[in-house]
Undergrad: 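Could you have a look at this structure, given as structure tokens, before my questions?
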Amino acid sequence: MAARRLSSLLSRSLHFPSASAPLAGRSHGVPRHINRFCTAAAVEELTTPPVQVNFTKLLINGQFVDSASGKTFPTLDPRTEEVIANVAEGDAEDINRAVAAARKAFDEGPWPKMSAYERSKIMLKFADLVEKHNDELAALETWDNGKPYLQAAQAEVPSFVRLFRYYAGWADKIHGLTIPADGPHHVQTLHEPIGVAGQIIPWNFPLLMFAWKVGPALACGNTIVLKTAEQTPLTALYVANLFHEAGLPPGVLNIVSGFGPTAGAALASHMDVDKLAFTGSTETGKTVLGLAAKSNLKPVTLELGGKSPFIICEDADIDHAVELAHFALFFNQGQCCCAGSRTYVHERVYDEFIEKAKARAMRRVVGDPFKKGVEQGPDDSEQFQKVLRYIRSGRDSSATLECGGDRFGSKGYFIQPTVFSNVKEDMLIAQDEIFGPVQCVFKFKDIGEVIKRANNTRYGLAAGVFTKNIDTANTLTRGLRAGTVWVNCYDVFDAGIPFGGYKMSGMGREKGIYSLSNYLQVKAVVTPLKNPAWI
């Protein structure tokens with residue numbers, strides 16, 4: 001399958017004709033309930049998810065097993081706040097079992113010893129199986145996470161498949177170098193698998209983060225212990241079963257569902273884990289990095305938070321800019337680490353942008369993510385309360401509430417699409433990662449000023465630039481301190497494009513050729529040459 005771009009897929013799949021709806025008035029710091037959103041798809045009876053939950057146990061050494069303690073925890077349907085299933089709750093003892101299985105599979109098993117071509121064939125067969133089960137996986141992801149079904153089915157599962165095919169292609173192309181020396185010596189480098197990789201993935205993109213982590217690690221010949229997010233454990237267990245159907249040897253991939261302070265901390269601090277990769281909040285990333293350093297100083301890759309600027313210049317096509325800025329922020333309910341959460345608009349087009357951005361947010365269809373036409377499903381349960389606190393903070397500041405500002409409905413974790421204008425850099429909503437459907441709009445005068453303001457953050461994950469002027473685009477892309485800068489597009493995530501951040505947005509890069517180095521050791525081998533014909 002050709003590489004897919006989330007932005008183009010979603011614009012085709014999830015952009016619907018405008019629906020008429022009265023616009024709410026502005027509120028300058030005054031709490032108000034604004035609920036006139038396009039909700040036709042939301043008021044109907046909820047869809048029964050077209051999938052069954054068959055895997056709720058831990059995967060250790062090729063077998064689905066109960067946790068050592070026998071404990072389970074509930075995973076919830078964010079549409080209803082009701083229990084989908086009870087999942088095995090792993091803790092330190094289960095991490096020990098999983099690491100022991102991964103260590104044995106690496107030291108004694110066939111995976112690192114089989115040819116890279118054989119490994120690639122297993123990965124390709126796995127990708128084929130996932131593609132065959134596309135609809136079931138998308139339904140399970142939507143049920144457990146709340147994201148729109150079309151987003152999961154038409155963008156995220158195909159991207160998952162593409163990523164594994166991409167890394168399967170890399171498996172037999174990893175090699176070292178022959179290096180000339182100053183004397184009679186033959187020098188070569190070997191690129192060796194690093195060993196047992198510990199991986200911790202978040203709840204906002206469970207399948208994609210599984211692919212970003214597991215794909216390169218397996219291509220390089222490593223074995224894995226992966227901890228899922230406690231909020232969304234179901235799809236990782238589903239695809240793990242498909243991996244073994246594809247022929248993955250026991251112990252190569254182990255999955256422990258559980259909580260951060262127990263299972264996550266045990267994995268991060270384990271003395272027999274050779275490498276750690278984590279995606280999540282910056283604060284938790286600090287903890288993970290500290291545990292890794294205090295144990296065996298294992299190398300760590302971190303993909304952390306963001307507060308990404310989206311800069312709209314004065315020459316912009318405002319209608320197009322409004323739609324792209326809306327997508328950059330509200331995609332995936334705003335639960336995206338690289339969301340364009342600081343929208344900077346040139347003063348000459350600011351007022352027009354605000355009116356149209358508000359109108360677009362008011363047309364956003366919120367409701368059951370299984371329904372056709374729904375653009376925004378429910379948030380995560382804990383994140384729901386956090387987002388509402390940030391909205392209250394914005395109301396209490398001098399920012400202008402243009403629309404939204406409250407929960408949507410009385411059941412489930414739905415939040416109204418919210419837009420604040422007249423946002424200043426000293427406000428909490430301007431500084432912190434909200435991680436929800438809250439658009440904050442700033443006004444700027446010139447390019448030099450907006451570069452300084454955009455860089456005035458502890459984060460540096462991504463940025464967006466919207467302009468018709470190539471010189472302006474070049475100035476901004478080189479001036480912005482961010483790991484990715486999208487010009488006249490946003491959220492383009494092809495398999496080969498590296499992703500990662502500056503500053504407190506993380507360490508290292510994922511995806512593309514750059515992620516392979518996360519899971520390889522470089523060994524120099526030097527041997528003397530006796531009477532060489534040449535040096």
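Note that the coordinates shown come from a computational prediction; the quantities given were computed from them, not determined experimentally. Numbering of residues begins at 1 and proceeds along the displayed sequence.
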Undergrad: Is there a donor-acceptor pair closer than 3.5 Å between any side-chain N or O of K371 and the backbone N or O of Y149?
TA: no
Undergrad: Working to the nearest 0.5 Å, report the span between CG of N488 and CZ of F466.
TA: 5.5 Å
Undergrad: Tell me if a side-chain donor or acceptor on R342 pairs with a main-chain N or O of Y344 at a distance below 3.5 Å.
TA: no
Undergrad: Take F160 and E156 through the side chain to side chain contact (heavy atoms under 4.5 Å, CB included) test and state the conclusion after the steps.
TA: CA-CA 6 Å; F160 180 102; E156 295 187 16; over 6 Å; no
Undergrad: Report, one line per pair, each donor and acceptor closer than 3.5 Å where one atom sits in a side chain of residues 255-264; sequence neighbours left out.
TA:
unit_1: S257; atom_1: OG; unit_2: A88; atom_2: O; d: 2.6
unit_1: T262; atom_1: OG1; unit_2: F259; atom_2: O; d: 3.2

Undergrad: Can you check whether L129 reaches F243 side chain to side chain, under 4.5 Å on heavy atoms?
TA: no
Undergrad: What I'd like to find out is whether the side chain of F435 reaches to under 4.5 Å of the side chain of S341, using heavy atoms alone.
TA: no
Undergrad: Can K411 and E82 be counted as an ion pair, charged N to O under 4.0 angstrom?
TA: yes
Undergrad: Return the minimal non-hydrogen interatomic distance between K213 and A277, and the atom names on each side.
TA: CD-CB, 3.6 Å
Undergrad: Might you point out which heavy atoms bring A399 and M427 nearest each other, and give the distance in Å?
TA: N-CE, 3.5 Å
Undergrad: Between R360 and E323, is the salt bridge (charged side-chain N to carboxylate O under 4.0 Å, His left out) condition met? List the steps.
TA: CA-CA 8 Å; R360 178 63 181 93; E323 190 62 37; 2.9 Å; yes
Undergrad: Can you check whether V366 reaches Q416 side chain to side chain, under 4.5 Å on heavy atoms?
TA: no
Undergrad: Using 30° and 60° as the class boundaries, would you call the ring planes of F210 and F126 parallel, tilted or perpendicular?
TA: tilted
Undergrad: Strictly distance-based, threshold 3.5 Å: is any side-chain N or O of Q376 a donor or acceptor partner for the main-chain N or O of I415?
TA: yes
Undergrad: Testing the basics here: between D144 and T232, what is the closest heavy-atom pair and its distance to 0.1 Å?
TA: OD2-CA, 3.0 Å
Undergrad: Check for a donor-acceptor pair, side chain of N134 on one end and backbone N or O of A153 on the other, with a separation under 3.5 Å.
TA: yes
Undergrad: Taking V365's backbone N and O only, do any of them form a donor-acceptor pair with E375's side chain (distance below 3.5 Å, no angle check)?
TA: yes
Undergrad: Does the pair V387 and D379 meet the rule for a side chain to side chain contact (heavy atoms under 4.5 Å, CB included), with working shown?
TA: CA-CA 9 Å; V387 172; D379 282 44; 4.2 Å; yes
Undergrad: Could you check whether any side-chain heavy atom of E433 comes within less than 4.5 Å of a side-chain heavy atom of C337, counting everything from C-beta outward?
TA: yes
Undergrad: Could you report the tightest heavy-atom contact between A361 and V419, atom names first, then the distance?
TA: CB-CG2, 3.7 Å
Undergrad: Using the salt bridge (charged side-chain N to carboxylate O under 4.0 Å, His left out) rule, collect all pairs that involve residues 383-392, keeping only residues at least two apart or in two chains.
TA: none
Undergrad: Using modelled atom types and a 3.5 Å cut-off, is there a donor and acceptor pairing between side-chain atoms of R162 and backbone atoms of A495?
TA: no
Undergrad: Flag the pair C338 / F493 as yes when at least one side-chain heavy-atom distance between them is below 4.5 Å, and no otherwise.
TA: yes
Undergrad: Before giving the answer on ring pair (Phe, Tyr, Trp, His ring centres under 6.0 Å), spell out for F499 and W212 the whole-Å C-alpha distance, their side-chain angles and the decisive distance to 0.1 Å.
TA: CA-CA 10 Å; F499 187 79; W212 287 22; 5.4 Å; yes
Undergrad: With the threshold set at 4.0 Å, does a side-chain nitrogen-carboxylate oxygen contact exist between K511 and E303?
TA: no
Undergrad: Report the distance from atom CG of D315 to atom CZ of R348, rounding to the nearest 0.5 Å.
TA: 11.0 Å
Undergrad: Is there a donor-acceptor pair under 3.5 Å between the side chain of T343 and the backbone N or O of F310?
TA: no
Undergrad: Could you check D94 against S67 for side-chain hydrogen bond (donor to acceptor under 3.5 Å, both in side chains), going step by step and ending with a plain yes or no?
TA: CA-CA 6 Å; D94 300 294; S67 63; 4.8 Å; no
Undergrad: Does F353 have any ring-ring contact (aromatic ring centres under 6.0 Å, His included) partners at least two apart in sequence or in another chain, and if so, which?
TA: none
Undergrad: Centres of the F327 and Y490 rings: under 6.0 Å?
TA: no
Undergrad: Are the side chains of K443 and E347 in touch, meaning some heavy atoms are under 4.5 Å apart?
TA: yes
Undergrad: Counting distance only, does the side-chain N/O of D317 pair as donor-acceptor with the main-chain N or O of D319 below 3.5 Å?
TA: yes
Undergrad: Looking at side-chain heavy atoms only, is the closest gap between N422 and Y350 below 4.5 Å?
TA: yes
Undergrad: Within a 6.0 Å radius of atom CZ on R481, are there more than 12 heavy atoms belonging to other residues, nucleotides or ligands?
TA: no
Undergrad: Tell me, with the steps shown, if K424 and D426 meet salt bridge (charged side-chain N to carboxylate O under 4.0 Å, His left out).
TA: CA-CA 6 Å; K424 308 300 180 186; D426 60 353; over 6 Å; no
Undergrad: Between the side chain of T282 and the main-chain N/O of M504, is any donor-acceptor distance below 3.5 Å?
TA: yes
Undergrad: Minimum heavy-atom separation for G306 to S505, with atom names?
TA: CA-OG, 4.0 Å
Undergrad: Once you round to the nearest 0.5 Å, how far does CZ of F442 lie from CD1 of I312?
TA: 12.5 Å
Undergrad: Kindly compute the distance separating CD1 (I497) from OG1 (T484), expressed to the nearest 0.5 Å.
TA: 8.0 Å
Undergrad: Answer yes or no: is there a side-chain heavy-atom contact under 4.5 Å between Y166 and D494?
TA: no
Undergrad: Would you check, one step at a time, whether the test side chain to side chain contact (heavy atoms under 4.5 Å, CB included) holds for S308 with T457?
TA: CA-CA 9 Å; S308 301; T457 173; over 6 Å; no
Undergrad: How far does CD of Q431 sit from OH of Y390, to the nearest 0.5 angstrom?
TA: 9.5 Å
Undergrad: Under 3.5 Å, side chain of S515 to main-chain N/O of G512, donor-acceptor pair present?
TA: yes
Undergrad: Counting neighbours of CD on E449 that are heavy atoms of other residues, nucleotides or ligands and sit closer than 6.0 Å, is the number greater than 12?
TA: yes
Undergrad: For a quick test of reading the model, state the closest non-hydrogen atom pair linking V423 to A430 and the distance between them.
TA: CG1-CB, 3.9 Å
Undergrad: Go through T279 and I201 one step at a time and tell me if the side chain to side chain contact (heavy atoms under 4.5 Å, CB included) criterion holds.
TA: CA-CA 5 Å; T279 295; I201 61 175; 5.7 Å; no
Undergrad: Rounded to the nearest 0.5 Å, what separates atom CG in N204 from atom CE in M209?
TA: 7.0 Å
